[in-house]
Amino acid sequence: MSKIPYRFYLNEDQIPKQWYNVRADMPEQPDPLLNPETGKPLSTQDLYPIFCEELAKQEMDETTRYFDIPDEIQEFYRIFRPSPLIRAYNLEKELGTPAKIYYKFEGNNTSGSHKLNSAVAQAYYAKKQGLTSLTTETGAGQWGTALAMACSYYKLPLTVYMVKVSYEQKPYRKGVMETLGTNIIPSPSNTTNVGRAILESNPDTTGSLGCAISEAVEAAVTTDGCRYVLGSVLNQVLLHQSIIGLETKKAMEILGEYPDIIIGCAGGGSNLGGLISPFMQDKLTGKANPYFIAVEPASCPSLTRGKYAYDFCDTGKVTPLAKMYTLGGDFIPSANHAGGLRYHGMSPILSKLYHDGHLDEARAVEQSSVFEAATIFSRCETILPAPESAHAIRAAIDEALKCKESGEEKTILFGLTGTGYFDMSAYMNFTSGNMSDYVPTDEELQVGFNGLPTVGNS
Ligand SMILES: *Cc1c(COP(=O)(O)O)cnc(C)c1O
């Protein structure tokens with residue numbers, strides 16, 4: 001037996017009791033949210049009709065370095081955290097690499113993803129404020145499931161606008177949310193003005209995350225005691241997800257390790273932001289210099305081919321404007337895209353870190369190579385990864401193979417965000433040789449860029 005265990009768990013005394021806010025250590029801040037009509041920066045109070053107050057404050061706070069995690073949230077975290085840091089001995093052996101590969105596994109809860117870390121926090125603050133219901137959107141369904149779990153725990157009624165194509169293709173996800181007591185509406189729907197308008201102009205649309213966000217926001221601001229919550233992209237979500245990186249850093253410290261390369265998949269940026277934040281602190285303060293890689297689908301390439309510009313966070317143009325890498329709110333990935341990570345934009349914090357060169361690299365990968373990596377991984381490590389997570393696995397395998405070539409014994413860390421049991425039709429397409437790749441052309445991307453607002457971008 002090696003000294004470093006296969007699975008390592010922090011004990012009670014070692015578990016982080018605070019979240020870390022990376023903005024406090026950034027040399028330059030992300031650009032502020034703008035009011036789309038006036039072009040003026042928003043104040044914290046401007047966000048109160050959309051978000052509950054505590055979360056609006058977290059959203060706007062650039063200076064508080066550490067936030068105490070309330071006891072009630074820590075108690076909920078104890079149900080499914082700490083998550084294990086796993087040494088991928090079998091994968092290393094399979095690849096024949098001298099690299100050491102570690103991954104932080106966040107899939108050990110029914111949502112099958114890291115999203116519960118923020119769902120619990122958002123439901124808790126809403127309950128504490130005395131709100132009586134919440135709305136949100138979900139694409140693949142992990143966020144909707146995570147929030148459904150948190151809302152059932154706090155007895156808060158929840159309505160989820162579920163992207164229509166997922167609603168139809170993932171009936172079991174829907175079934176899980178219904179079991180947890182959630183009201184689910186396929187989006188676009190005729191329950192909102194923005195949904196009706198989208199249906200009118202495009203009756204056959206299968207929906208998009210941006211469109212479901214518009215509907216959920218409209219429902220929240222027009223219902224008494226109701227607010228909207230979002231599972232990624234926002235600063236507050238990255239703050240809550242810092243628990244991933246804080247646990248990882250502590251665990252590696254105890255094991256006497258430090259990563260040379262840190263890899264995460266990037267959809268809206270929450271798991272990557274959460275994983276890298278405490279390591280980014282080391283980089284920004286000159287303590288260490290790990291190499292950060294964000295991995296995204298070639299079919300939804302916001303960091304590698306998007307524009308760094310102000311854009312709406314939704315399709316219906318009801319949200320504030322955020323400065324981020326974006327493909328434009330009208331962008332919808334091609335129909336054969338199976339791997340999740342389909343949001344048009346990227347966390348403003350990560351966008352800024354990438355723009356300023358602190359996040360070292362963004363890499364786009366095609367889905368058949370992602371599923372190939374997922375298959376190799378599942379056979380070595382006994383976990384069936386979510387397709388989203390498998391983007392990170394792809395890059396980790398590629399980095400480990402580079403080490404094999406060069407003989408370098410690098411320490412590679414990646415985030416394994418979740419499990420893929422609800423993605424079996426995609427897995428089966430891959431296994432039977434029926435998976436195809438699609439990379440949008442520059443002309444196709446231009447359509448999305450043409451829809452970017454002029455406010456903030458002139
Ligand atoms: C939602 C999700 C992602 C992508 O979201 P980020 O905000 O970019 O982290 C990745 N993996 C899983 C399993 C997810 O559910």
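Start at 1 with the first residue, then count along the sequence. Numbering of ligands and ligand atoms starts at 1, following listing order. As the structure is a prediction and not an experimental result, all values here were calculated from the model. Only heavy atoms go into these numbers, but all of them, side chains included; no hydrogens, no water, no symmetry mates.
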| field | Lys/Arg N to Asp/Glu carboxylate O, D31 vs K323, below 4.0 Å | value | yes
| task | Using the six-membered ring of Y102, assess whether NZ or CZ of R87 lies under 6.0 Å from its centre and within 45 degrees of the ring axis. | result | yes
| query | Can you name the closest pair of heavy atoms from T145 and L180 and give their distance? | reply | O-CD1, 4.0 Å
| query | Does the E399 side chain pair with the main chain of I412, one donor and one acceptor, at a distance under 3.5 Å? | reply | no
| field | Worked check of ring pair (Phe, Tyr, Trp, His ring centres under 6.0 Å) between Y125 and F51 | value | CA-CA 10 Å; Y125 288 117; F51 302 127; over 10 Å; no
| task | Tell me the residues surrounding ligand 1, counting only those with a heavy atom closer than 4.0 angstrom, sorted by chain and number. | result | S113, H114, K115, Q142, S232, C265, A266, G267, G268, G269, S270, N271, L341, A386, E388, T417, G418
| task | Answer yes if the side chains of N117 and E106 hold a donor-acceptor pair under 3.5 Å, and no otherwise. | result | yes
